[in-house]
Amino acid sequence: MSFVSNMAEIGTDINFARQLLREGKLVGIPTETVYGLAGNALNAEAVTAIFETKRRPSFDPLIVHVGDLVQAKAYSSYFPEELMALAEVFWPGPLTVLLPKTEAIPDLVTSGLDTVAVRIPSHPLTRELLLGLDFPLAAPSANPFGYISPTRASHVQDQLGNTIPYILDGGDCSVGLESTIVGVEHGQVIIYRLGGIPVSAIEQLVGPVLILPQSSSNPKSPGMLKNHYSPRTPVILGELEVLVADFRLKGEPFGILSFNKRFPDVPDSHQVVLSPSGDFGEAARNLFSGMRLLDKADVSVILAEELPEKDLGKAINDRLRRAAAK
Ligand code: AMP
Ligand code: MG
């Protein structure tokens, strides 16, 4: 039990988490992508509490998490074959599909859209949690709206600990990036958000996809708001050597978020190397915790560089650009 009454209890008690969720309460849950702020997706009060706790605008729809394909089919009137082909390969995992919704899903969850975003997460704790519930979980990332997504239980505690009773601790997220969101229109597969499943892996199965351009005005993908996933400290993207030289001259304290190189004359507390060996998966796992670390460091700006635009580098660059957007 936690002795500090205004903080969430952190543990691995799945039964306790289920009990809270059945009572309509919210629980922090681990997934392989990021930690979620979960509530009963069929309970309008729980869903309202999710929006309020995150201070998330009601026009930004939630992803519904289920334990298996039977549950996924129960909440959609139709499962397009292209999306089924992807689900069969990538579920459980970091893929979200947009399906026509049934009446069972409250309009609140989908912000009035007639499609529902559905995913089967692969994290074993949350999978077990879901398989023992007779309702799906609406679960956006467990952070205040617009801030960096949490990738470990302590991140959730830091920001939402005083608003929820329990955080299920599943360790560090193994992917560390949000899910790839995929839909289909007139037989054309569309990626609405880049994420944990690389575009190339999707194209191998369904052929060329359309990546919806970043937009803050497209009502179909509010999660693609231009300025999102942002630290409070300003982020500048560019050529690191040039930026570092520039800020040295200015005499301003800066942090560095680099892909694979360390700057020997910069204190370690002021730099994060995402993957010394240049591995995209490792870089993805370290991205959000690295941003948080630098956001807490005593620096007035975070200097960052883009990764090669391939594989998970695409999704990482997408997050970096959003973090740097004004
Ligand atoms: P989050 O749960 O914070 O990772 O974000 C969920 C994102 O999924 C939203 O911001 C939307 O971009 C997207 N999404 C959820 N439901 C739908 C839907 N029915 N249609 C289109 N996009 C959706
Ligand atoms: Mg989010």
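Side-chain atoms are counted along with the backbone in the values below, which use heavy atoms only and exclude waters and symmetry mates. Starting from 1, each residue takes its place in the sequence as its number. Atoms within each ligand, like the ligands themselves, are counted from 1 in listed order.
Distances under 2.8 Å from the Mg ion (ligand 2) pick out the protein N/O/S atoms Ser141 OG.
The shell of residues lying under 4.0 angstrom from ligand 1, judged by heavy atoms, includes Ile181.
Using the six-membered ring where Trp is involved, Phe16 and Tyr166 have ring planes that are perpendicular, over 60° apart on the 30 and 60° scheme. Taking the six-membered ring where tryptophan is involved, the planes of Phe288 and Tyr229 are essentially parallel, since the angle between them stays under 30° and well short of 60°.
The local environment of NZ in Lys250 is crowded, with over 12 non-hydrogen atoms from other residues, nucleotides or ligands closer than 6.0 Å.
Considering both main-chain and side-chain atoms, Lys54 never comes within under 3.5 Å of ligand 1 through any nitrogen or oxygen pair. At a 3.5 angstrom cut-off on N or O pairs, Glu178 does not count as close to ligand 1.
Heavy-atom proximity to atom 20 (N) of ligand 1, evaluated over Leu212, Val118, Asp114, Leu113, is greatest for Leu113.
Each of the atoms 9 (C), 10 (O), 11 (C) of ligand 1 lies under 4.0 Å from some heavy atom of Asp60. Per-residue contacts place Arg56 under 4.0 angstrom from the following atoms of ligand 1 (heavy atoms of the residue considered): 1 (P), 2 (O), 3 (O), 5 (O), 6 (C), 9 (C), 10 (O). Interface of Ala117 with ligand 1, defined as ligand atoms under 4.0 Å from a residue heavy atom, comprises 15 (C), 16 (N), 17 (C).
One distance of note links CD1 of Ile191 with CG of Leu95; it measures 9.0 Å at 0.5 Å rounding.
When the side chain to side chain donor-acceptor pair (under 3.5 Å) test is applied to Gln188, no partner is found at least two apart in sequence or on another chain.
Contact annotation for Leu98 and ligand 1: only side-chain heavy atoms (C-beta onward) come within less than 4.0 Å of the ligand. When heavy-atom distances to ligand 1 are checked against a 4.0 Å cut-off, Arg193 comes that close only through its side chain, counted from C-beta outward.
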Decide yes or no on salt bridge (Lys or Arg N to Asp or Glu O under 4.0 Å) for Asp134 and Arg22, but give the supporting numbers first. CA-CA 9 Å; Asp134 57 6; Arg22 286 190 187 112; 5.4 Å; no

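Side chain to side chain, Thr33 and Arg119 meet the donor-acceptor criterion of an N or O pair below 3.5 Å. A donor and an acceptor atom, one from each side chain of Asp279 and Ser277, are nowhere located under 3.5 Å apart.
Between Arg193 and Asp318, none of the side-chain N atoms (NZ, or NE/NH1/NH2) sits under 4.0 Å from a carboxylate O, so this pair counts as no salt bridge.
For the pair Thr151/Asp172, no side-chain contact is recorded, criterion being any heavy-atom separation below 4.5 Å from C-beta on.
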